[in-house]
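Below: one structure, written as structure tokens.
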Protein chains: 2
Amino acid sequence: MQEHGHDRCEEQCVHTDVVESVRREMLGSVSADELAQLFKVLGDNTRIRILDALYRSELCVCDITALLGMNQSAVSHQLRVLRDARIVKSRKQGKNVLYSLDDEHVSGLVRMGSEHVRELKR
Amino acid sequence: MQEHGHDRCEEQCVHTDVVESVRREMLGSVSADELAQLFKVLGDNTRIRILDALYRSELCVCDITALLGMNQSAVSHQLRVLRDARIVKSRKQGKNVLYSLDDEHVSGLVRMGSEHVRELKR
DNA sequence: TTATTATATGAATAGTTGTTCATATATAAG
DNA sequence: CTTATATATGAACAACTATTCATATAATAA
């Protein structure tokens, strides 16, 4: 049985052939969700500043708090978001918890994003 | 006059030397904002699906609407967000408006993000 | 033990964002 | 001209998110 017909859409202008071919190649809705979720986590000023700092050195929570000049609770909440997304990892050392980037994919993304932003400014 | 002292932070544990050196290298608050803004735009399921579709072909609004199986108004609103962020561009052709990716940085980011997501699944 | 310090977390709140609905604009066809 | 079609947009609303405050947990020091 062939796939055809866009029964859930009443538009008239659809370029059927292109649409069909794109439809076959497109990301599944699940993958799109996961990808969007990753970018969503990166899409916050506080979290970007945390990642930018961790890109330069492993740091404990109160170092980060000092660097960002903000509430310790706010920083911990955001670190949790980053940890849950497996973008940063942590290890305990005495009273402190030291955070670092989880892998190089993340720094790659941040570097690439920066480039894009720099491009746009031209 | 030297920079020293974290007067806006009352934490006691700060590793002063590391913090100072990171502070000197860190992204400015403005750049962090711009970068976060870029990722924020990429951090939505609908917009990711639009970009994924446009990565494969230039498409008019109602093609996208059909592909995503959603409200035309919602699609137009999201296209505006993507256009404002200069992630997609558009050209008019008759009654239609054709959208495409603005440059290769964007597809690079999406590809890199996908890789990261794939890594995490292992 | 108690006191102190570092971090984590639940609840409340204010601000933001995505979708829908209704409608406006623009182009083409009759 | 009028009608139909494609796209854009403002307003309203619901859902989500970041921060703050208060407090809990965990480790160390005394």
Report the distance from atom [atom1] of [X] to atom [atom2] of [N], rounded to the nearest whole Å.
X	N	atom1	atom2	value
A/Gln78	C/dT9	CD	P	13 Å
A/Asp63	C/dT5	CG	P	17 Å
A/Lys40	D/dA15	NZ	P	15 Å
A/Asn45	C/dT17	CG	P	13 Å
B/Leu98	D/dA8	CG	C1'	16 Å
A/Arg49	D/dA18	CZ	P	13 Å
B/Arg91	C/dT27	CZ	P	15 Å

> What string of B, S and - do you get for nucleotides 20-26 of chain C, 5' to 3', when a contact is any protein heavy atom under 4.0 Å?
Replying inline: BBB---S

> Tell me, which of residues 51-60 of chain A have any heavy atom that sits under 4.0 Å from an atom in DNA chain C?
Replying inline: A/Cys60

Has [X] got a side-chain N or O lying under 4.0 Å from the OP1 or OP2 atom of [N]?
X	N	result
B/Arg80	D/dT7	no
A/Tyr99	C/dA8	yes
A/Asn96	D/dA27	no

What pairs of donor and acceptor atoms, side-chain ones from residues 92-99 of chain B against any protein atom, are under 3.5 angstrom apart with sequence neighbours left out?
{"residue": "B/Tyr99", "atom": "OH", "partner": "B/Arg83", "partner atom": "NE", "Å": "3.2"}

>> Can you identify which nucleotide, out of C/dT19, C/dT7, D/dA8, has its nearest atom closest to the B/Ser76 side chain?
In response: D/dA8

> Between A/Asp44 and B/Val61, which has a closest nucleotide on DNA chain D that is more 5'?
Replying inline: B/Val61

> Do you see a donor-acceptor pair shorter than 3.5 Å between the side chains of A/Ser76 and A/Gln72?
Replying inline: yes

>> I want to confirm an ordering. Mapping B/Gln93 and A/Leu79 to their closest nucleotides on DNA chain C, which one lands closer to the 5' end?
In response: A/Leu79

>> Regarding B/Arg118 and B/Glu115, does a basic nitrogen lie under 4.0 Å from an acidic carboxylate oxygen?
In response: no

